[in-house]
Amino acid sequence: MEESKLKVVPLGSFQRTRYCGQVNAEDIGKSIRLCGWVDSVRDLGALLFVRLRDREGVIQVVFKSDTDEDLRRRAEGLRSEFVIGISGVVAARTAENVNSQMATGEIEVLAEELLLLNTAETPPFEIGDDTTASEDLRLKYRYLDLRRPVVLKNFRLRHQLSLEVRDYMDQQGFFEIETPFLTKSTPEGARDFLVPSRVHEGCFYALPQSPQIFKQILMISGFDRYFQIVRCFRDEDLRADRQPEFTQIDIEISFPHYDVLFGIIEGMMKRLFRLSGIEVPTPFLRLPYDEVMERFGSDKPDMRFALELCELGAAFQQTSFEAFRRVLDHNGRIKGLRIPGGAQYSRNQIDHWTELVRQNGASGLAWIRSTEGGLRSSLDKVLRPGEAEAVFQAAGGTKDDLLLMVADAKAQKVFDCLNALRLAVGRKEKHAESGRYAFLWVVDFPMFEYHEEDRRFYACHHPFTSPKDEDVAYLTTDPGRVKAKAYDLVLNGTELGGGSIRIHDMQIQKEVFRSLGLTDQETAEKFGFFLEALRYGTPPHGGIALGLDRLVMLLSGEKSIRDVIAFPKTARGTCLMSDSPSAVRDEQLKELHIRLDH
RNA sequence: GGGGUCGUAGUUCAGUUGGUUAGAACGCCGGCCUGUCACGCCGGAGGUCGCGAGUUCGAGUCUCGUCGGCCCCGCCA
């Protein structure tokens, strides 16, 4: 029976006429040809069903003994993930055989010809939306993982978003310009990935952390409006929303105005979200940095819920409670988080929250709870009569509320703790449900941040960020109080992007470098070409960069950007599929003038 | 660099106080089956318990080290 053996054949002139997922009831009676992967085989004997899968969907193909016994027998040789071509006729299923779970469930294809184009090993995990395989296994066999429709759909969305960005930016008058990947290492900022030069012994290129300087130079060139969907590289430790290489929608405009720039971004978000059927109201809320820190304890607050921090320093001003007394004496802060109706939370729950704030560096978590018999507090033994009532009132506490309090000499620690609590409570009370999108512009960031260890200031954004006009005078006298024309776009507690109006005045740029403690010689070495460019008629300019991976992640409801990057790295920066990074041959190192230290 | 958590069949997991031959489900292989769609029924194969030491008469189980996945802190202009 040579005929009935299933053997791999060349594709030859066979061409599909359709994608599996695009066949529908209108095609009933038509002859079609399909190509795809065997999703599953259900062999009932004289009747055999194959689920055939391609990029666009799945369809059922039927092989019957009483139609073509030889063909049906050959189909018995089919296994999962074999690659096949099918010719057949589209047929309606009888009413009782309709599968309402399937997009193509009303129809099936009666096979007339079967081409085995390739066989496949049994995959290490089942390829389906409900696979139970662990993430490391999926990453090792990423090509199989990407066959799963739920995974694929993220990349379809990502493609559509990129396309929409390009179309929108074109309409807004932007040019997409490519900038170098082999570029110059610059001080400050993240750690650079370095690329050794073969031609120039001992010299290195750096992969760009962002195209920052190049896009500013394009403004000096008069390009007026630039954008790029561009890969960026930062050699820092990874997180669920951080990869060593990631993609930004990078934007720069000349003669910028907040309203113009923000309007461009808001318009873009409107269009991108519309692709997913989501209407985004604009303009987005704008709040200054100082205010969001005081109200939410974070510079990227999740605005889907209204819980806010309250100020308790004044209410504890006269306290005799030693720990709080000390904090106030050292110019520290005492702030609280009032949870309406939170009195019902158990001691056990509060213990969990105490652990949470300890992890964030606080020495403890104090609380006041409203009960039937009056207020109860963790500080009952140490507060003066009436003090708890006064504090609770200062927090706006009413019946059945719970007030959580953190005190520390360092304001940042208080903010960190209460932000962590706020997010934990928000999650617990399901305020942050999916399907809701709350945008926020955080503006007026501080210009500099003091680094205790290095005993110097660092730029909060980057050293080309313009100070606010009214703060220029403090650049050299009191850098800590200078606010910058810098802003972040925050969505649901994730920093989606950030940018600034840049410095176009050489004099101010020099003062900023001086505030950062950089000598003229250092700045000349590192930024010389850029500083020179600034002299040749630099227009006022500014821009922003948005994280495309994070945007796709939020829109697809994924918890990690790994799910929206085709070939992502693990938490330790390796690729489980290609096994990179890896050692290289000695000759390669020699050519690069590199000797290893082992 | 630090903290947490996980690692047992191809996969996901169970495995009691340290004790006989390490189990289940799914998958895989073979057989039967004309309407399946998580097909069903019968049978079968499949294990370096991540790796290495140690304790013990005896280790999947206890100890130490190490490697790897994930989450968090630091870091990320």
Side-chain angles (χ1 to χ4, degrees), chain A residues 39-51 58-67 69 72 76 79-81 91 93-102 104-105 108 110 121-141 144 186-192 209-210 212-213 232-244 246 355-356 358-361 413 416 420 423 445-449 451 453 457-465 484 486 495 498-500 512 516 518 526-527 545 547 559-560 562 569-572 574 576 579:
Chain A
D39 198 64
S40 67
V41 179
R42 278 183 291 274
D43 184 354
L44 274 64
L47 187 61
L48 185 147
F49 300 98
V50 169
R51 276 169 60 99
V58 181
I59 194 166
Q60 175 163 283
V61 181
V62 191
F63 296 84
K64 284 179 165 177
S65 280
D66 52 16
T67 310
E69 167 62 11
R72 197 230 90 227
E76 283 178 7
R79 295 292 179 270
S80 289
E81 302 311 313
R93 299 198 196 184
T94 59
E96 67 272 22
N97 285 325
V98 166
N99 183 348
S100 57
Q101 309 295 311
M102 236 176 137
T104 58
E108 59 194 4
L110 307 177
E121 299 273 305
T122 301
F125 56 88
E126 288 171 65
I127 296 169
D129 285 353
D130 48 359
T131 191
T132 52
S134 62
E135 191 177 1
D136 52 323
L137 193 72
R138 291 171 41 208
L139 288 181
K140 181 174 179 188
Y141 298 96
L144 300 180
T186 52
E188 321 259 322
R191 201 174 290 117
D192 286 319
Q209 297 174 28
S210 82
Q212 185 60 38
I213 290 180
C232 301
F233 307 86
R234 295 179 189 177
D235 188 7
E236 298 292 347
D237 288 345
L238 290 79
R239 289 284 188 282
D241 62 352
R242 267 164 41 188
Q243 285 272 304
F246 61 99
E355 183 52 34
L356 182 66
R358 289 226 167 93
Q359 282 167 11
N360 281 276
K413 211 173 265 185
D416 289 346
L423 294 177
F445 271 77
M447 183 82 181
F448 306 105
E449 197 171 23
H451 199 269
E453 275 175 36
F457 282 98
Y458 280 92
C460 280
H461 188 53
H462 57 61
F464 316 113
T465 300
E495 181 193 329
S500 64
V512 169
L516 291 169
L518 297 174
K526 300 298 182 185
F527 306 114
K559 290 192 172 63
S560 166
R562 288 188 299 275
K569 306 280 191 289
T570 67
R572 293 188 64 246
T574 63
L576 296 178
D579 196 28

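Just so we're clear, the structure is a prediction, and the values are computed from it rather than from any experiment. We name chains A, B, ... by the order of the sequence lines, and we start the count at 1 in each one.
The separation between L48(A) atom CG and C37(B) atom C1' is 13 Å, rounded to whole Å. Regarding R234(A), its CZ atom lies at a distance of 15 Å from the P atom of C75(B), rounded to whole Å. Atoms CG (D237(A)) and P (C70(B)) sit 13 Å apart, rounded to a whole Å. Between the C1' atom of C67(B) and the CG atom of L576(A) lies a distance of 13 Å, rounded to the nearest Å.
Closest of all the heavy-atom pairs between T104(A) and I59(A) is OG1-CA, 3.5 Å.
With sequence neighbours excluded, the residues satisfying side chain to side chain contact (heavy atoms under 4.5 Å, CB included) with T574(A) are T570(A), L576(A), P581(A). With sequence neighbours excluded, the residues satisfying side chain to side chain contact (heavy atoms under 4.5 Å, CB included) with F233(A) are F181(A), F193(A), L207(A), P208(A), R231(A), E245(A). Partners of E495(A) by salt bridge (charged side-chain N to carboxylate O under 4.0 Å, His left out), not counting sequence neighbours: none found. Checked against side chain to side chain contact (heavy atoms under 4.5 Å, CB included), S134(A) has the following partners two or more places apart in sequence or in another chain: D136(A), L137(A). Scored by the salt bridge (charged side-chain N to carboxylate O under 4.0 Å, His left out) test, R234(A) finds no partners at all (sequence neighbours excluded). The side chain to side chain contact (heavy atoms under 4.5 Å, CB included) search around C460(A) returns P446(A), E449(A), not counting sequence neighbours. Taking R242(A) as the reference, nothing meets the salt bridge (charged side-chain N to carboxylate O under 4.0 Å, His left out) condition, with sequence neighbours excluded.
Checking the phosphate oxygens (OP1, OP2) of C39(B), a side-chain nitrogen or oxygen of R42(A) falls inside 4.0 Å. Here R239(A) reaches the OP1 or OP2 of C73(B): one of its side-chain N or O atoms lies under 4.0 Å away. An OP1 or OP2 oxygen of G74(B) is reached within less than 4.0 angstrom by no side-chain nitrogen or oxygen of R242(A).
Remark: the separation of the C1' atoms in G58(B) and C72(B) is 41 Å, to the nearest Å. The separation of U36(B) from C41(B), taken at their P atoms, amounts to 14 Å, rounded to a whole angstrom. Taking atom C1' on both nucleotides, U8(B) is separated from A59(B) by 14 Å, rounded to a whole Å. Look at the P atom in both G60(B) and G52(B): the space between them is 13 Å, to the nearest Å. Between A45(B) and G23(B), the distance separating the two P atoms is 13 Å to the nearest Å. Spacing between C62(B) and G7(B) at atom P, rounded to whole Å, works out to 11 Å. Look at the C1' atom in both G1(B) and U11(B): the space between them is 35 Å, to the nearest Å. With both ends at atom P, the span from A53(B) to A38(B) equals 49 Å, rounded to whole Å.
Summarising the geometry, atom OG1 belonging to T122(A) is positioned 10.0 Å from atom CD belonging to E81(A); distances are rounded to the nearest 0.5 Å.
For the pair T570(A) and H451(A), both in contact range of RNA chain B, the more 5′-proximal nearest nucleotide belongs to T570(A). Each of T131(A) and Q60(A) was matched to the nucleotide of RNA chain B holding its nearest heavy atom; the match closer to the 5' end belongs to T131(A).
For F49(A), the side-chain atoms get nearest to U36(B) when compared with the rest of U36(B), C37(B), C76(B). The listed nucleotides are C72(B), G69(B), C70(B); the one nearest the side chain of A571(A) is C70(B). Among the nucleotides C37(B), G35(B), G10(B), the one closest to the side chain of P124(A) is G10(B).
The 12-atom threshold is not exceeded at NZ of K140(A), counting heavy atoms of other residues, nucleotides or ligands nearer than 6.0 Å.
Under the Watson-Crick or G-U wobble criterion, with both distances below 3.5 Å, G40(B) is paired with C32(B).
The stacking criteria are not both satisfied for F125(A) over the base of U11(B), which would need a centre-to-centre distance under 5.5 angstrom and an angle between ring planes under 30 degrees.
Residue side chain R51(A) does not reach the base of U36(B) through any donor-acceptor N/O pair under 3.5 Å, judged by distance alone. The base of G4(B) lies outside donor-acceptor range of the side chain of E355(A), with no N or O pair under 3.5 Å.
Q243(A) comes within contact range of no nucleotide atom at all, as no heavy-atom separation falls under 4.0 Å. As judged by a 4.0 angstrom heavy-atom cut-off over every strand, Y458(A) is placed among residues making no nucleic acid contact. Residue contacts shown for Q212(A) include a base, since a base heavy atom lies under 4.0 Å away. Counting non-hydrogen atoms under 4.0 angstrom, S40(A) reaches nothing in the nucleic acid. Note on R562(A): only backbone sugar-phosphate atoms sit closer than 4.0 angstrom, heavy atoms only; bases stay farther off.
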What are the atom names and distances for every N/O pair under 3.5 Å that joins the protein to nucleotides 12-14 of chain B?
| residue | atom | partner | partner atom | Å |
| --- | --- | --- | --- | --- |
| U12(B) | OP1 | S134(A) | N | 3.0 |
| U12(B) | OP1 | S134(A) | OG | 2.9 |
| U12(B) | O4' | T132(A) | OG1 | 3.4 |

Per-nucleotide protein contact string for nucleotides 26-34 of chain B, where B marks a base within reach and S marks sugar-phosphate only (heavy atoms under 4.0 Å, - for neither): SSSSS--BB
